[in-house]
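A quick write-up on the structure given underneath.
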Amino acid sequence: QVQLVESGGGLVQAGGSLRLSCAASGRTFSIHTMGWFRQAPGKEREFVVGITRSGGISDYADSVKGRFTISRDNAKNTVNLQMNNLKPEDTAVYLCAAGDLVVRTDWSWNYWGQGTQVTVSS
């Protein structure tokens, strides 16, 4: 099993920045890809970004391209999400995920964290 724990959420004004982190533990050698999804109240879970173990392949949702940057530290089993120029529509619970492929469908990911709240005020 793999455990994922997110940190770094909070309240920020529009235009501000936040950095989320996700620490993996357990059978981390089985993780090929890591990523982030988000879920706003009353909405479906939405893919944000994913990255392969090597970092050579990453995929960003169009809504966050140019504003969000994912990075991965395999030695520390962590993945980070730098979020800049945040908008009120970015408000959601952000969930860390781990799996085999960088895909946008949430059912393809094997492990999930509990999530961290990000709130962007206008």
Side-chain angles (χ1 to χ4, degrees):
Q1 289 294 322
V2 172
Q3 295 77 43
L4 303 173
V5 178
E6 304 95 335
S7 61
L11 173 64
V12 65
Q13 288 188 333
S17 299
L18 281 175
R19 183 178 176 87
L20 305 183
S21 293
C22 174
S25 61
R27 298 170 59 89
T28 56
F29 62 86
S30 66
I31 298 174
H32 294 283
T33 62
M34 295 187 75
W36 293 89
F37 284 72
R38 66 187 182 185
Q39 188 164 20
K43 294 187 177 181
E44 293 187 352
R45 190 176 296 178
E46 174 189 24
F47 173 83
V48 177
V49 60
I51 188 169
T52 55
R53 176 181 288 274
S54 66
I57 298 175
S58 60
D59 183 29
Y60 290 86
D62 290 344
S63 58
V64 306
K65 279 182 181 177
R67 300 187 298 121
F68 290 12
T69 303
I70 191 171
S71 60
R72 184 168 178 173
D73 186 335
N74 291 326
K76 296 181 179 179
N77 293 313
T78 58
V79 64
N80 301 305
L81 182 64
Q82 178 66 41
M83 305 185 295
N84 298 328
N85 190 22
L86 283 160
K87 304 176 181 180
E89 52 263 42
D90 294 319
T91 296
V93 174
Y94 283 70
L95 302 109
C96 180
D100 298 323
L101 299 172
V102 178
V103 292
R104 299 190 175 196
T105 50
D106 59 358
W107 51 263
S108 300
W109 296 74
N110 300 325
Y111 305 102
W112 294 88
Q114 293 297 311
T116 185
Q117 177 70 45
V118 171
T119 303
V120 184
S121 63
S122 57

Open item on the list: List the residues meeting side chain to side chain donor-acceptor pair (under 3.5 Å) with Ser30, not counting sequence neighbours, and say none if there are none.
Closed with: none
Task: Interatomic distance, Gln82 atom CD to Leu18 atom CG [nearest 0.5 angstrom] - done: 8.5 Å
TODO: For the pair Thr91 (side chain) and Val120 (backbone), establish whether a donor and an acceptor sit closer than 3.5 Å, ignoring hydrogens and angles.
DONE: yes
Open item on the list: Under the disulfide (SG to SG under 2.5 Å) definition, can you give me all pairs with a residue in residues 26-78, not counting sequence neighbours?
Closed with: none
Task: side chain to side chain donor-acceptor pair (under 3.5 Å) partners for Ser71, two or more places apart - done: none
Side-chain donor-acceptor pairs under 3.5 Å in residues 94-106, sequence neighbours left out?
{"unit_1": "Tyr94", "atom_1": "OH", "unit_2": "Arg38", "atom_2": "NH1", "d": "2.9"}
{"unit_1": "Tyr94", "atom_1": "OH", "unit_2": "Asp90", "atom_2": "O", "d": "2.6"}
{"unit_1": "Asp100", "atom_1": "OD2", "unit_2": "Asn110", "atom_2": "ND2", "d": "3.4"}
{"unit_1": "Arg104", "atom_1": "NE", "unit_2": "Asp59", "atom_2": "OD2", "d": "2.8"}
{"unit_1": "Arg104", "atom_1": "NH2", "unit_2": "Asp59", "atom_2": "OD1", "d": "2.9"}
{"unit_1": "Arg104", "atom_1": "NH2", "unit_2": "Asp59", "atom_2": "OD2", "d": "3.4"}
{"unit_1": "Arg104", "atom_1": "NH2", "unit_2": "Tyr60", "atom_2": "O", "d": "3.0"}
{"unit_1": "Thr105", "atom_1": "OG1", "unit_2": "Ser108", "atom_2": "OG", "d": "2.8"}

Open item on the list: Using modelled atom types and a 3.5 Å cut-off, is there a donor and acceptor pairing between side-chain atoms of Ser122 and backbone atoms of Pro88?
Closed with: no
- [ ] Only counting residues at least two apart or in another chain, list the ones meeting side chain to side chain donor-acceptor pair (under 3.5 Å) with Asn74.
- [x] Arg72
Open item on the list: Assess the residue pair Ser63 and Glu89 against the criterion (side chain to side chain contact (heavy atoms under 4.5 Å, CB included)); give the C-alpha distance rounded to whole Å, side-chain angles, the decisive distance to 0.1 Å, and a yes or no.
Closed with: CA-CA 10 Å; Ser63 58; Glu89 52 263 42; over 6 Å; no
- [ ] Please list all pairs passing the ring pair (Phe, Tyr, Trp, His ring centres under 6.0 Å) test where one or both residues lie in residues 98-122, with sequence neighbours left out.
- [x] Phe37-Trp109, Phe37-Trp112
- [ ] Quick one: closest heavy-atom pair of Gln117 and Ala92, and the distance?
- [x] NE2-O, 3.4 Å
Task: salt bridge (charged side-chain N to carboxylate O under 4.0 Å, His left out) contacts touching residues 1-11 (sequence neighbours left out) - done: none
TODO: Could I get the full list of salt bridge (Lys or Arg N to Asp or Glu O under 4.0 Å) partners for Lys65, not counting sequence neighbours?
DONE: Asp62
Under 3.5 Å donor-acceptor pairs involving side-chain atoms of residues 20-29, not counting sequence neighbours:
{"unit_1": "Ser21", "atom_1": "OG", "unit_2": "Asn80", "atom_2": "OD1", "d": "2.7"}
{"unit_1": "Ser25", "atom_1": "OG", "unit_2": "Gln3", "atom_2": "OE1", "d": "3.4"}

Open item on the list: One pair to check against side chain to side chain contact (heavy atoms under 4.5 Å, CB included): Met83 and Val12. What are the steps and the verdict?
Closed with: CA-CA 11 Å; Met83 305 185 295; Val12 65; over 6 Å; no
TODO: Could you grab the distance from atom CE of Met34 to atom CD1 of Ile51, nearest 0.5 Å is fine?
DONE: 10.0 Å
Open item on the list: With rounding to the nearest 0.5 angstrom, report the OG1 to CG distance, Thr116 to Leu81.
Closed with: 11.0 Å
TODO: Kindly check if the number of other-residue, nucleotide or ligand heavy atoms within 6.0 Å of CG (Leu11) is above 12?
DONE: yes
Task: same_hphob_cluster(Phe68, Phe47) at 4.5 Å side-chain heavy-atom cutoff - done: no
TODO: Answer yes or no: is there a donor N or O on one side and an acceptor on the other, between the side chain of Arg19 and the main chain of Gly8, under 3.5 Å?
DONE: no
- [ ] List in chain and number order the residues that pass side chain to side chain donor-acceptor pair (under 3.5 Å) with Gln114, two or more places apart in sequence or in another chain; answer none if no residue qualifies.
- [x] none
